[in-house]
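Protein chains get the first letters and strands the later ones, always in sequence-line order, with residue 1 at the start of each. None of these values were measured; they are calculated from a predicted model.
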Amino acid sequence: MEDLRRDVTCGELRAGDEGRTVTLNGWVHRTRDHGGVHFLNIRDRYGITQVVVAEDAPAGLQRATETAKLEYCVAVRGAVRRRPDDMVNPEMATGEIEVSAGQIEILSPCATLPFMIEERSEAREETRLKYRYLDLRSFSMQRKMALRSEVTFRIREYLRGRGFHEIETPTMIKSTPEGARDFLIPSRLHRGKFYAMPQSPQLYKQILMVSGFDRYFQIAHCFRDEDARGDRQLEHTQIDIEMSFVSKEDVFELVEGMMAHTFRRALGRELEIPFPRLAYHDAMNRFGSDKPDLRFELELGDASEVAAGSGFRVFEDTISGGGSVKALVVPGGARLSRKQIDELEGVAKTYGAKGLAWTKIGEGGLEGGISKFVGEKEAEIRSLGAATGDLVLFVADRWNTACIALGAVRSRLGRDLDLIDRDRFAFAWIVDFPLFEWDEENGTWEAAHHMFTMPQEQYIDSMEDDPGAVKGDLYDLVCNGYELASGSIRIHNPELQQRIFDIVGFSREEAENRFGFLMEAFRYGAPPHGGIAPGLDRLLMILAGEESIREVIAFPKTTAGISPMDDSPSVVDERQLEELGIRIVETEEEHS
RNA sequence: GGGGGCGUGGUGGAGAUGGUUACCACGCCGGCCUGUCAAGCCGGAGGUCGCGGGUUCAAAUCCCGUCGCUCCCGCCA
């Protein structure tokens, strides 16, 4: 190897390098054997270079050339020469030249491939994950990993420039069972006790504020033992940020600057800042989602005028029962088929709607669906913004359910009718979230975000009177229909914290047991503070134009939490379990 | 926990109203070919059609179950 170490990469040679003797190291990307002359395309991270072996090459070189199959790792030494004018390949960065091989050495052979290494692999994801090391050789994956590296670098660059310290917090911490399920780590030294993997560095970063690190960040791994999705992994990375002596305006300004910097440097794109803001209630009411996709218009309307006195029982009963009738006008939607509308109804039902009512506005009045019930209400329907040729969809239910169900229909229409501007990054802050949510099952108030969120000032005095009305100093950053970040201003006052615990029915003993150290810390001059945590994987997914975060994670797990390459999780030695004092109990099902 | 989609040589797909030897492309092996760049041409090997059971004279195809991947609901402070 010593004398065949590369002195150029496979992406850099140009016409000006003509005459140089160079050595390339890389993988055989394609071979073309013409009987006499022989071509090898050699690939590395940086590109592809064509190597030519002449028909009159020495026998040893011919043999090596014929041995070198796809994805063999090879070293090639030869002379750079310009290709004849009519042989130039304008598609290739190195297409003006080729390397005339004088020596080819096989550094490592390659078994028959499970799939071709192409710009973007066509193999099914299962196979790609099993052979992830091969999948990652593709330029498409290499680019995404490079983007990831670039983005984390630019974020660090920006935050360091703004005076932030990067501080690591432990990945083995105390379990705090509310919220998502914890991953647990058994302790050998303390049998029967467990560490937990952090769902986020939340408590530590607040402690760091007490310690006076008024600007902290960390690219932190977070773990949640919940079912995965396209935008959710058991293990993900967040850009954890916390600041002292700030209001949410400071957090917004920081994150807007960070995003603008990152998009400019990593993508060469300018973002429009500041980002628009939308109250939670308005986001739900207008878009039917707390993470609306703002790349297209299509807003939900209020159809109580249509419902009132319509004689349509479903609508009237909903209104008199305190619910809402929400409407969605689909411009030109009258051409949608019955089947397409049925599909939309299926979407609405998935989200809890009992049905999806509809009417089309024809030349001569309302047509189809519930027209015979609301036929007298054409004026009211038109005042929702509907015109001839439009389809109007309705969901009647509790306000929340009606919004969410119709919001899901809106998203579906955005895709199906191609309303989405794919080239846009539509950021927005969602603000004024309720601090508490009523838990039907347990009949209790629960923290909507987490229990350390500061209530907005005007609600503090009378919080206990109507917890449902209290809005919190918390905020989400959304982009293109994804929740990109979530944060809040925190409570730094133990008395106020205790009142929150009381409202959510959290006993003093429980609070002491779980968060005692934080409450204790807050007794020692805790600064007002707040922060946010953008999800790095989702950010990268959006930057890369992907629809799954698995595409921007080098070694992701499947939705069932399995790593097909190394086959984790796996059974462990009986001896390991014994040391930990753990016995596996079979469930009834596994017995039978 | 629930619903939808998918599972066919190494890879991706076709075959689905049951019927002889399961088709195509790429890859692999062999041969031909002085300039290609997704090279081309000729030939060849390679499959218990995810797995188990059932219906039938006969199952990739129909039925039941099960496993895996995936999308969605729930869940994810």
Quickly work out the [X] [atom1] to [N] [atom2] distance and round it to whole Å.
{"X": "A:Gln233", "N": "B:C69", "atom1": "CD", "atom2": "P", "value": "12 Å"}
{"X": "A:Glu66", "N": "B:C29", "atom1": "CD", "atom2": "C1'", "value": "14 Å"}
{"X": "A:Glu122", "N": "B:C6", "atom1": "CD", "atom2": "P", "value": "19 Å"}
{"X": "A:Lys130", "N": "B:G10", "atom1": "NZ", "atom2": "C1'", "value": "12 Å"}

| request: For A:Val37 and for A:Ala180, find the nucleotide of RNA chain B with the closest heavy atom, then tell me which residue's nucleotide is more 5'. | output: A:Val37
| request: Take A:Asp231 and A:Arg181, find for each the nucleotide of RNA chain B with the closest heavy atom, and name the residue whose nucleotide sits nearer the 5' end. | output: A:Asp231
| task | Determine whether any donor atom in the side chain of A:Glu126 lies under 3.5 Å from an acceptor atom in the base of B:U70, or the reverse, and answer yes or no. | result | no
| task | Confirm from the modelled atom types if A:Arg224 and B:C75 form a donor-acceptor pair under 3.5 Å, side chain to base only. | result | no
Determine, for [X] against [Y], whether the closest basic-nitrogen to carboxylate-oxygen distance falls under 4.0 angstrom.
{"X": "A:Asp293", "Y": "A:Arg295", "value": "yes"}
{"X": "A:Arg224", "Y": "A:Glu226", "value": "no"}
{"X": "A:Glu509", "Y": "A:Arg514", "value": "no"}
{"X": "A:Asp473", "Y": "A:Lys248", "value": "yes"}
{"X": "A:Arg508", "Y": "A:Asp502", "value": "yes"}
{"X": "A:Arg412", "Y": "A:Glu343", "value": "yes"}

In terms of side-chain heavy atoms of [X], which of [options] is nearest?
{"X": "A:Arg232", "options": "B:C69, B:G35, B:G74", "answer": "B:G74"}
{"X": "A:Tyr351", "options": "B:C72, B:G27, B:C75", "answer": "B:C72"}
{"X": "A:Leu70", "options": "B:C75, B:G27, B:U11", "answer": "B:G27"}
{"X": "A:Arg124", "options": "B:U8, B:C75, B:G10", "answer": "B:U8"}
{"X": "A:Arg550", "options": "B:C37, B:C71, B:C26", "answer": "B:C71"}
{"X": "A:Met92", "options": "B:G10, B:C37, B:C73", "answer": "B:C37"}
{"X": "A:Phe115", "options": "B:C37, B:G74, B:U11", "answer": "B:U11"}
{"X": "A:Glu55", "options": "B:U34, B:G12, B:C75", "answer": "B:U34"}

Could you let me know what [N] is paired to, Watson-Crick or G-U wobble, both distances under 3.5 Å, or none if it's on its own?
{"N": "B:C41", "value": "B:G31"}
{"N": "B:C75", "value": "none"}
{"N": "B:C62", "value": "B:G54"}

[atom1]-based separation of [M] from [N] [nearest Å]:
{"N": "B:C73", "M": "B:U11", "atom1": "P", "value": "31 Å"}
{"N": "B:A60", "M": "B:C76", "atom1": "C1'", "value": "40 Å"}
{"N": "B:U66", "M": "B:C72", "atom1": "P", "value": "24 Å"}
{"N": "B:A22", "M": "B:U8", "atom1": "C1'", "value": "9 Å"}

For [X], report the nucleic acid contact type (base, sugar-phosphate, nothing); a contact means any heavy atom under 4.0 Å.
{"X": "A:Met116", "value": "sugar-phosphate"}
{"X": "A:Gln202", "value": "base"}
{"X": "A:Ala560", "value": "sugar-phosphate"}
{"X": "A:Glu547", "value": "nothing"}
{"X": "A:Gly346", "value": "nothing"}
{"X": "A:Ser200", "value": "base"}
{"X": "A:Arg415", "value": "nothing"}
{"X": "A:Ala448", "value": "sugar-phosphate"}
{"X": "A:Ile562", "value": "sugar-phosphate"}

Side-chain N or O of [X] versus OP1/OP2 of [N]: is the shortest distance under 4.0 Å?
{"X": "A:Lys69", "N": "B:G27", "result": "no"}
{"X": "A:Arg229", "N": "B:C73", "result": "yes"}
{"X": "A:Thr112", "N": "B:G27", "result": "no"}
{"X": "A:Thr558", "N": "B:C69", "result": "yes"}

| query | How would nucleotides 39-49 of chain B be written as a contact map, 5' to 3', with B for base contact, S for sugar-phosphate-only contact and - for no contact, using protein heavy atoms under 4.0 Å? | reply | B----------
| Residue pair A:Tyr280 / A:Asp476, side-chain donor-acceptor N/O under 3.5 Å | no
| message | Any non-hydrogen side-chain atom of A:Val28 less than 4.5 Å from a side-chain atom of A:Glu71? | response | no
| query | Residues in ring pair (Phe, Tyr, Trp, His ring centres under 6.0 Å) with A:Tyr475, at least two apart? | reply | A:Phe252
| message | Under the side chain to side chain contact (heavy atoms under 4.5 Å, CB included) test against A:Ile500, which residue among A:Phe452, A:Phe436, A:Phe506 passes? | response | A:Phe436
